[in-house]
Amino acid sequence: MKKSKSKILSLVMSLVLMLTTAFCLSACGGGTKTLESYINDNPSVKKQIEGASQSDSTMEMSIDIKENDLIYTYKYKQVFEADVVKQMNKQFETYASNFETTFSNIAKSLEEETKISGITVYIVYQNGDGSEIFKQSYTAKK
């Protein structure tokens, strides 16, 4: 689990740097009202996000943008039984606060770079069948 957390954190930090650089280099859309429309108006950024999906032998990670939500979805390839899911959920709840600064800073950086307020970053863990194991949201700290 430690190796997986380290890999995930590295990926998240790489994405933050990539997005920040892309936002700085791309022209700002004048009438853009949501993060989703901002991304759609900047094809190079959209392509980088689409290319950021990862997969290994245990899970797949994808990034989606809907309205003002940046959603990191980690889907296990294995289907876990209900009692295991319950234990996993408790463990994720414990770890969620450890990542608050990281993901809140991602939301804040995106708001500053795009001049769009109200961006929320979601972390979603899914069972192999697509059912939700855990979901946490993070917003920019003022």
Side-chain angles (χ1 to χ4, degrees), residues 1-26 28-29 31-142:
M1 187 88 158
K2 279 190 181 260
K3 184 178 179 186
S4 179
K5 284 192 337 187
S6 175
K7 186 176 180 180
I8 291 169
L9 187 55
S10 294
L11 179 63
V12 167
M13 295 312 291
S14 296
L15 180 64
V16 170
L17 290 172
M18 177 181 62
L19 285 174
T20 302
T21 301
F23 286 142
C24 288
L25 296 176
S26 62
C28 189
T32 302
K33 295 183 181 176
T34 67
L35 181 61
E36 182 177 16
S37 60
Y38 182 91
I39 298 298
N40 288 334
D41 290 345
N42 291 280
S44 62
V45 176
K46 185 174 183 174
K47 186 175 181 177
Q48 288 178 349
I49 291 170
E50 289 169 350
S53 295
Q54 299 279 323
S55 182
D56 64 22
S57 61
T58 59
M59 73 172 41
E60 300 170 349
M61 191 281 294
S62 62
I63 301 168
D64 296 299
I65 310 233
K66 295 193 168 102
E67 302 266 330
N68 280 342
D69 299 337
L70 173 65
I71 307 159
Y72 293 92
T73 303
Y74 301 92
K75 183 177 179 182
Y76 286 97
K77 293 183 177 179
Q78 176 182 352
V79 177
F80 297 99
E81 297 294 324
D83 58 329
V84 175
V85 168
K86 198 181 257 187
Q87 292 172 1
M88 292 170 77
N89 184 282
K90 286 180 184 178
Q91 191 171 23
F92 285 131
E93 284 178 359
T94 301
Y95 289 122
S97 62
N98 295 340
F99 298 113
E100 183 168 0
T101 300
T102 300
F103 291 114
S104 292
N105 284 340
I106 291 172
K108 184 177 181 180
S109 293
L110 288 171
E111 286 184 357
E112 290 171 352
E113 294 296 327
T114 63
K115 308 292 187 243
I116 298 168
S117 60
I119 294 174
T120 303
V121 177
Y122 287 92
I123 305 303
V124 179
Y125 284 89
Q126 293 180 340
N127 208 343
D129 62 4
S131 61
E132 189 175 288
I133 296 173
F134 179 79
K135 183 177 185 177
Q136 180 70 40
S137 64
Y138 301 91
T139 57
K141 301 293 181 205
K142 305 295 179 191

**OP:** Go through the steps to decide whether Asp41 and Tyr38 satisfy the test side-chain contact (heavy atoms from CB on, under 4.5 Å), and finish with yes or no.
**Re:** CA-CA 5 Å; Asp41 290 345; Tyr38 182 91; 5.9 Å; no
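- Between Phe134 and Tyr125, the angle of the ring planes lies from 30° to 60°, which puts this pair in the tilted group.
- Between the side chain of Asp69 and the backbone N or O of Ile65 there is no donor-acceptor pair closer than 3.5 Å.
- Ring pair Tyr122/Phe103: centre-to-centre distance not below 6.0 Å.
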**OP:** I would like to know whether Ile119 and Thr139 meet side-chain contact (heavy atoms from CB on, under 4.5 Å); could you show each step before the answer?
**Re:** CA-CA 6 Å; Ile119 294 174; Thr139 57; over 6 Å; no
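- In this structure, the side chains of Lys86 and Val84 stay at 4.5 Å or more apart for every pair of heavy atoms.
- Considering only heavy atoms from C-beta on, Lys77 stays 4.5 Å or farther from Thr58 through its side chain.
- Residues Leu70 and Thr120 form no side-chain contact, since every pair of their non-hydrogen atoms from C-beta on lies 4.5 Å or further apart.
- Side-chain atoms of Val124 and Ile133, non-hydrogen and from C-beta on, never get closer than 4.5 Å to each other.
- With hydrogens and angles ignored, the 3.5 Å screen pairs a side-chain donor or acceptor of Asp129 with a backbone N or O of Ser131.
- The two residues Ser62 and Ser53 come nearest to each other via the heavy atoms CA-OG, 3.8 Å.
- Applying the side-chain contact (heavy atoms from CB on, under 4.5 Å) rule to Lys108 yields the partners Glu112, Ala140; only residues at least two apart in sequence or on another chain are considered.
- Note: Ile39 CD1 to Glu50 CD = 10.0 Å, rounded to the nearest 0.5 Å.
- Checking Thr101 against Ser104 by side-chain atom types alone, no donor-acceptor pair falls below 3.5 Å.
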Original post:
Which is it for Leu35 and Glu67 under the side-chain contact (heavy atoms from CB on, under 4.5 Å) test, yes or no, and what are the steps along the way?
Top reply: CA-CA 6 Å; Leu35 181 61; Glu67 302 266 330; over 6 Å; no
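- Of the possible donor and acceptor atoms, one in the side chain of Asp56 sits under 3.5 Å from a partner among the backbone N and O of Met59.
- In this structure, Tyr138 and Ile123 have side chains that are in contact, with non-hydrogen atoms separated by less than 4.5 Å.
- Glu100 places a side-chain heavy atom less than 4.5 Å from the side chain of Lys141.
- Inter-residue side-chain proximity for Leu110 and Ile116 is flagged as unmet; no heavy-atom pair is nearer than 4.5 Å.
- Taking the six-membered ring for Trp and the full ring otherwise, the centers of Phe80 and Tyr76 sit less than 6.0 Å from each other.
- Glu60 contributes no side-chain N or O that, together with a main-chain N or O of Gln54, makes up a donor-acceptor pair within less than 3.5 Å.
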